[in-house]
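Just below is one structure, and these are the notes that go with it.
As the structure lists them, so they are numbered: ligands from 1, and atoms in each ligand from 1. Not measured: the values here are computed from a predicted model.
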Amino acid sequence: WVLSDFEVGMPLGRGKFGHVYVAREKRAVPHTNEEKRWVLLDFESNQIVALKVLFKSQLKQSQVEHQLRREVEIQSHLRHPNILRLYGYFYDQTRVYLILEYAAKGELYKELQRWKHFDERRSATYIASLARALIYLHGKHVIHRDIKPENLLIGVQGELKIADFGWSVHTFNRRRTMCGTLDYLPPEMVEKSEHDYHVDIWSLGILCYEFLHGVPPFEEKEHSKTYRRILNVDLKFPLKPYVSAAAKDLISQCADGREKFCEPASSPEGTRATVDCTE
Ligand SMILES: CC(C)CCNC(=O)Cn1cc(-c2ccc3c(-c4nc5ccccc5[nH]4)n[nH]c3c2)cn1
């Protein structure tokens with residue numbers, strides 16, 4: 001693809017390395033050209049997409065080219081209804097263009113700001129979708145590591161879509177780098193110790209709490225106090241809004257999910273992140 005293959009519309013958002021626009025591919029696929037049809041199999045012509053434009057200069061300046069390549073490599077192989085699709089990419093002299101799935105109902109965090117908090121039915125629907133996406137990701141030895149409302153989008157039928165893989169890694173090369181937004185970091189990442197797929201289970205609990213209460217559980221004005229509360233798993237449930245015992249239990253289990261969730265299948269090279277969470 002080249003930029004002139006697309007009609008580019010309004011900006012959808014802006015990130016550190018560039019902007020995202022709604023766009024539509026101009027070409028109708030020539031039905032006679034089977035080879036061309038195959039190339040576009042994954043990507044119906046005239047489909048609305050989100051076109052993310054990244055400036056090479058900024059990627060170079062921030063030394064994130066390798067991270068971008070890793071994200072593209074990871075996301076281009078993912079196929080799940082609750083994970084935003086990356087259909088393809090192209091580049092020109094100065095920019096890299098990512099052809100992403102368009103999420104018609106926009107950013108989840110804006111919905112959360114609008115409603116202050118979600119009821120248990122809506123929260124449970126989102127958390128169940130996220131849990132299914134995580135089982136899929138962990139089954140492919142991918143840890144997301146940065147699950148938070150700002151990385152979630154809503155599809156045309158109200159379905160949740162995980163949109164960002166800025167910090168995801170294949171678990172074969174477990175990383176010690178600090179990453180992710182503070183509020184969602186589990187103790188092992190705050191302590192900068194080795195971490196594995198449990199970090200995503202922890203974030204699922206934090207997200208469930210924030211959906212139900214409107215704020216994450218360990219939020220404090222000072223970072224040092226947030227750190228301390230995370231390390232102590234200082235989980236408090238205010239009286240309002242009402243949260244059921246079942247929801248509190250789920251959140252508590254995510255917070256100390258070590259022994260309660262499925263144990264990873266062990267393997268000759270030690271514990272891998274193959275989550276044997278069979279139903
Ligand atoms: C390297 C590559 C694999 C990374 C792929 N992931 C990203 O680039 C993360 N990302 C996704 C987006 C993004 C932002 C907004 C949207 C939208 C969208 N739909 C909207 C509807 C109404 C209002 C706002 C909307 N934003 N659909 N798809 C999007 C995709 C921006 N960055």
Legend entry - All side-chain hydrogen bond (donor to acceptor under 3.5 Å, both in side chains) counterparts of Arg114, not counting sequence neighbours: Glu111
Inset, instruction - Can you see which heavy atom on Leu204 is nearest to which on Leu130, and at what distance? - result: CD1-CB, 3.5 Å
Legend entry - Selected option - heavy-atom contact closest to atom 13 (C) of ligand 1, from Leu54, Leu153, Leu12, Val156: Leu153
Inset, instruction - Answer yes or no: is there a donor N or O on one side and an acceptor on the other, between the side chain of Lys26 and the main chain of Ser4, under 3.5 Å? - result: yes
Legend entry - Distance flag, aromatic centroids of Tyr209 and Tyr184, threshold under 6.0 Å: no
Inset, instruction - Using distance alone, with no hydrogens and no angle criterion, decide if Tyr126 and Arg122 have a side-chain donor and acceptor under 3.5 Å apart. - result: yes
Inset, instruction - Using only heavy-atom distances, determine whether the side chains of Tyr87 and Gln47 contain a donor-acceptor pair under 3.5 Å. - result: yes
Inset, instruction - Please work out whether the ring planes of Tyr97 and Phe90 are parallel, tilted or perpendicular, with thresholds of 30° and 60°. - result: parallel
Legend entry - Lys52-ligand 1 polar pair, N/O distance under 3.5 Å: yes
Inset, instruction - Examine the proximity of ligand 1 to Ile74 and report which part, side chain or backbone, both or neither, has a heavy atom under 4.0 Å away. - result: neither
Inset, instruction - Within a distance under 4.0 Å of any heavy atom of Val72, pick out the atoms of ligand 1 and give their elements. - result: 1 (C), 3 (C)
Legend entry - Identity of the nearest option to atom 21 (C) of ligand 1, non-hydrogen atoms only, from Ser76, Ala103, Ala163: Ala103
Inset, instruction - Under 4.0 Å from a heavy atom of Leu98: give me the atoms of ligand 1 that qualify, with their elements. - result: 1 (C), 2 (C)
Inset, instruction - Decide whether the shortest distance between a heavy atom of Leu84 and an atom of ligand 1 is less than 4.0 Å. - result: yes
Solution key, residues 216-224 side-chain donor-acceptor pairs under 3.5 Å, sequence neighbours excluded:
{"unit_1": "Glu220", "atom_1": "OE2", "unit_2": "Arg229", "atom_2": "NH1", "d": "3.1"}

Inset, instruction - From atom 11 (C) of ligand 1, work out which of Val64, Val96, Leu68, Leu100 has a heavy atom at the shortest distance. - result: Leu100
Inset, instruction - Please determine if Glu101 has a nitrogen or oxygen closer than 3.5 Å to a nitrogen or oxygen of ligand 1. - result: yes
Inset, instruction - Could you tell me which atoms of ligand 1, counted from 1 in the order shown, lie closer than 4.0 angstrom to a heavy atom of Glu71? - result: 1 (C), 2 (C), 3 (C), 4 (C), 5 (C)
Inset, instruction - Please verify whether a non-hydrogen atom of Gly13 lies at under 4.0 Å from ligand 1. - result: no
Inset, instruction - Number the atoms of ligand 1 from 1 as they appear, then name those within less than 4.0 Å of a heavy atom of Leu86, with their elements. - result: 3 (C)
